[in-house]
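The shown structure was predicted, so the numbers you read here are calculated from the model rather than taken from an experiment.
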Amino acid sequence: MKLREIGIRRYLQVSSGLIIFGLLVEIFTLLWFSPLSFVLFAVVGVTLIGAGILVYLVSLVFAVSPPANDRA
């Protein structure tokens, strides 16, 4: 399966999932008082949110609209 055949909907689902999971990790680490919580906040949370943003940007480049068969 090529990247163009997947469609923008799947890209947006993956992107939003990564961003939501990254925000949940960051919320959890803000409630936890430990030096490890900062590392998880800075590395895991920011990486997940960054990956979500990158997937979204890739979806803008590679996703194409479905072909319209009834256009004349």
Side-chain angles (χ1 to χ4, degrees):
M1 179 179 279
K2 295 181 182 178
L3 284 176
R4 292 189 180 268
E5 295 174 357
I6 295 173
I8 196 165
R9 181 178 301 237
R10 184 68 183 149
Y11 281 117
L12 293 178
Q13 288 175 347
V14 171
S15 173
S16 62
L18 286 171
I19 291 173
I20 289 171
F21 189 61
L23 288 173
L24 288 174
V25 167
E26 289 187 350
I27 289 170
F28 176 72
T29 58
L30 286 175
L31 298 174
W32 182 29
F33 299 107
S34 171
L36 181 61
S37 68
F38 175 74
V39 174
L40 290 175
F41 181 90
V43 175
V44 177
V46 173
T47 303
L48 287 171
I49 292 174
I53 292 170
L54 286 177
V55 169
Y56 173 72
L57 293 175
V58 166
S59 73
L60 294 178
V61 174
F62 289 115
V64 294
S65 60
N69 295 333
D70 296 331
R71 288 189 179 174

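Under a 4.5 Å side-chain heavy-atom criterion applied to ILVMFWY residues, the cluster that includes Val46 comprises that residue alone. Taking Ile, Leu, Val, Met, Phe, Trp and Tyr as members and joining any whose side-chain heavy atoms lie under 4.5 Å apart, directly or through other members, the hydrophobic cluster of Leu24 also contains Ile20.
The hydrophobic cluster containing Ile53 also contains Leu60, counting ILVMFWY residues as joined when their side-chain heavy atoms lie under 4.5 angstrom apart, directly or transitively. Both Val61 and Val14 are members of a single hydrophobic cluster when ILVMFWY side chains are connected at heavy-atom separations under 4.5 Å.
Identified under the side-chain hydrogen bond (donor to acceptor under 3.5 Å, both in side chains) test for residues 13-36, with sequence neighbours left out: Arg10-Gln13.
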Working for side chain to side chain contact (heavy atoms under 4.5 Å, CB included), residues Leu23 and Ile49:
CA-CA 7 Å; Leu23 288 173; Ile49 292 174; 3.8 Å; yes
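With sequence neighbours excluded, the residues satisfying side chain to side chain contact (heavy atoms under 4.5 Å, CB included) with Leu30 are Phe41. Applying the side chain to side chain contact (heavy atoms under 4.5 Å, CB included) test to Leu54 and every residue at least two apart in sequence or in another chain returns nothing. For Val44, the side chain to side chain contact (heavy atoms under 4.5 Å, CB included) test picks out Val25, Leu40, Leu48, with sequence neighbours left out.
Minimum interatomic distance between Leu12 and Ser59 (heavy atoms only, all atoms of both residues): CD2-OG, 4.2 Å.
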